Structures are given as C-alpha cells and as structure tokens.
Number of protein chains: 2
Amino acid sequence: MNIGQVAARTGLPAKTIRYYEEIGLIRPMRGENGYRHFSERDAHNLAFLGRARSLGFTIEECRVLLALYADQGRASADVKRVASEHLAQIDAKIAELREMRATLADLVEACAGDHRPDCPILRGLAGEDG
Amino acid sequence: MNIGQVAARTGLPAKTIRYYEEIGLIRPMRGENGYRHFSERDAHNLAFLGRARSLGFTIEECRVLLALYADQGRASADVKRVASEHLAQIDAKIAELREMRATLADLVEACAGDHRPDCPILRGLAGEDG
DNA sequence: CTTGACCTTCCAGCGGCTGGAAGCCCTATC
DNA sequence: GATAGGGCTTCCAGCCGCTGGAAGGTCAAG
C-alpha cells in the first residue's frame, strides 16, 4: 500500500503518517522509487494509533501502548495503568473546564447584553469584589 | 514597578509578561536603564489578562476583551457575545472529553489488570468488533 | 570592589501536527 | 514521444502560549 491508500483506510492524513514515521511510531518499508510501502500490519498499527489519539492519549502514551500491543507477554495490568492514568488526566481536565464554565456562565448570565456599557463580565475579569 | 514586582502582584511569570508585551497586549514604559516600568493601569490590565486566560480565553479573545474593557462606549452585548462563544467552546470541549472518558472508562473497567496478556483495552484500540 | 539579585535580548523548543515549495515518479492520453 | 495530472518525496516554516537557557547590562548591599 502507498501512503495515500493507507491514509484513506485509516482516516489519518498522509502528513500525519509521515510524521509518525519521523518520530519512530511506525517503520514502513521503502520501494525502489523511494515510496513508502505499508504492510497490513502497518495499516493496523496506524488505525490503532488513530483510535488511541482520538481517546486523547499523548504520542508518548501511544508509543507505550503500541509496544504493549506488540508484546505478546505483556501484563494487562501495565496497559490498565497507562489507561487509568490517562483517565485521571481526562477527569482533571473535565473538572477544570467545569470550573471555568461555572464562573463564565455566571458572568454571562449577569450581563444584560444590550447597548449599555456596564458589563458584569468585564467587571468580573477586572477583579471587582471577589 | 519593575517586572518582578508586577509579576509577584499578578501571579504571572515575568516571561509571560514580556511575551504579552511582545505580542502587543500591553505597552509598559521604559526607564533610562532599559528596564520596563509598569503603571498601576498596566498591572491592572495584566491581572485582567491573567483572569481571562484562566477562564480559557485565547490570546486573541483577550485582546478583544481588553479593547472592550478600555472602551467606555462599548455595548455589553459585544462582551457577552465573545464570552458566550467561548462558553460554547468550553461546552463542546467538555462534551468531547466526556465521550472520551466514557469510552475509556468502559475499556478500563473491562480490563482485569493482572499478569495475563489478554487486554480489552488493547483489543478496543485495535478495533476489534465495534 | 565584589557579590548576587534583578533586569535585558535573543534563540530554541515543547506537542502534534499542518501548509507550502520544489522536485521526482507514474499513468493516461494525444 | 510529449504532455498533463495526480501522487509521491524532502525540507522548512508556522500554529499556540508560553518556557528554558545563554550571554550580558544594572543596581543595591556589604
């Protein structure tokens, strides 16, 4: 498979696939013309990467997951630890966003949103009272 | 005020303050020795920026908010629109994270997390069934 | 007069791509 | 055989919002 075909199959942009090779996540073969040649296994790994990335795993976590995936002797505990840590990260991020959202929603709600200049949002950002 | 003092007062790193000057968010004076000199107004604007950034507004949104803050003739509707759009962005991000979280939590829960190699997390990432 | 804290500028790098330029390769059509 | 087009290659630059570090000027205290 050429890069275009594997891109179409995995949904990943060709640019991204080249980047993944550059940082050593995949190692496709090369044809005589210099074109990358992707095996079924490569395509499979790229799909794996696409799913892991879409779940928010960092590239380095993906590298670890891919290594565990390739290792037939892995302990599922190792995989679970990586995933659990990422889950905790997601929870932390959600909590952070919810706090932002709560504060911002209060300010937005308090704002008349009309032609007048008085604005609780700006007052809040300026540090009035609280 | 020198940069260190305003940094202490606003909680922003000096590096960040210099960066904000570089991109034109603030325009502190300069002393004869080349040091930046921050007025009360500068410090106030920096505190404003710190709060806006901590609510997740982008730098460009902060620029707009700061301009509205400075404009005594603004309409609160303009501020409210910026804030509401950002609120919608936050909501979208939360929704995205919750989807990730749900998928990941299912996988983690299904994983025994023991010494055995079988792992529903890896199977999920590999695209088995679904 | 030295120490050390503070300030300055400039350049590089983080993550994870993404865009674009310049040029080679391959196939199809005339 | 020429040409047009699409796909492939490499390389370099840029996105966002800082952050770190190097190399050097400035200032107050002892």
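Computed from a predicted model, the values in this text were never measured in an experiment. To find a chain, count down the sequence lines: A is the first, B the second, and so on, and within it residues start at 1.
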Determine whether more than 12 heavy atoms belonging to other residues, nucleotides or ligands lie under 6.0 Å from atom CD of E61(B).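 Yes, enclosed.
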
Tell me which nucleotide among [options] gets nearest to the side chain of [X].
| X | options | answer |
| --- | --- | --- |
| T16(A) | dT18(C), dC26(C), dC6(C) | dT18(C) |
| R30(B) | dT8(C), dC8(D), dG16(C) | dT8(C) |
| Y19(A) | dG16(C), dC7(C), dT8(C) | dG16(C) |

Could you pick out which residue, F38(B) or I59(A), lies toward the 5' side of DNA chain C when each is mapped onto its nearest nucleotide?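 By nearest-heavy-atom nucleotide position, the 5'-most residue is F38(B).
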
Here's a test of your reading of the structure: between F57(A) and N33(A), which maps to the more 5' nucleotide of DNA chain C?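 Per heavy-atom nearest nucleotide, the more 5' residue is F57(A).
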
Five pairs at each end of the helix from dC1(C)-dG30(D) to dC30(C)-dG1(D): take the axis at both ends and give me the angle between them to 10°.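 Here the helix ends are tilted 30° relative to one another.
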
So, applying side-chain contact (heavy atoms from CB on, under 4.5 Å) with L49(A), which one of L65(A), T16(A), I26(A) is it?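 Option passing the side-chain contact (heavy atoms from CB on, under 4.5 Å) with L49(A): I26(A).
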
[N] [atom2] sits how many Å from [X] [atom1], rounded?
| X | N | atom1 | atom2 | value |
| --- | --- | --- | --- | --- |
| E22(B) | dC18(D) | CD | C1' | 11 Å |
| L46(B) | dG17(D) | CG | P | 16 Å |
| E32(A) | dC8(D) | CD | C1' | 16 Å |
| I23(B) | dC18(D) | CD1 | C1' | 10 Å |
| R63(A) | dG16(C) | CZ | P | 10 Å |
| Q5(A) | dC26(C) | CD | P | 14 Å |
| N2(A) | dC24(C) | CG | P | 19 Å |
| Y35(A) | dC8(D) | OH | C1' | 4 Å |

Do any N or O atoms from the side chain of R36(B) and from the backbone of I3(B) form a donor-acceptor pair under 3.5 angstrom?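 Side chain of R36(B) to backbone of I3(B): no pair is present.
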
For D106(B) and T103(B): C-alpha separation, side-chain torsions, deciding distance, then whether side chain to side chain donor-acceptor pair (under 3.5 Å) applies. CA-CA 5 Å; D106(B) 283 354; T103(B) 304; over 6 Å; no

Is a salt bridge present between [X] and [Y], judged by a nitrogen-to-oxygen distance below 4.0 Å?
| X | Y | result |
| --- | --- | --- |
| D114(B) | R116(B) | yes |
| R9(A) | E40(A) | yes |
| E21(B) | R18(B) | no |

Could you tell me whether R18(A) contacts a base, only the sugar-phosphate backbone, or nothing, with contacts defined as non-hydrogen atoms closer than 4.0 Å?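 The residue R18(A) makes base contact.
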
N or O in side chain of R36(B) less than 4.0 angstrom from dT8(C) OP1/OP2: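 So the side chain of R36(B) is within the cut-off, an N or O lying under 4.0 Å from OP1 or OP2 of dT8(C).
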
DNA chain D: 5'-proximal contact among K15(B) and Y20(B) (nearest heavy atom):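 Nearest-nucleotide comparison on DNA chain D picks Y20(B).
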
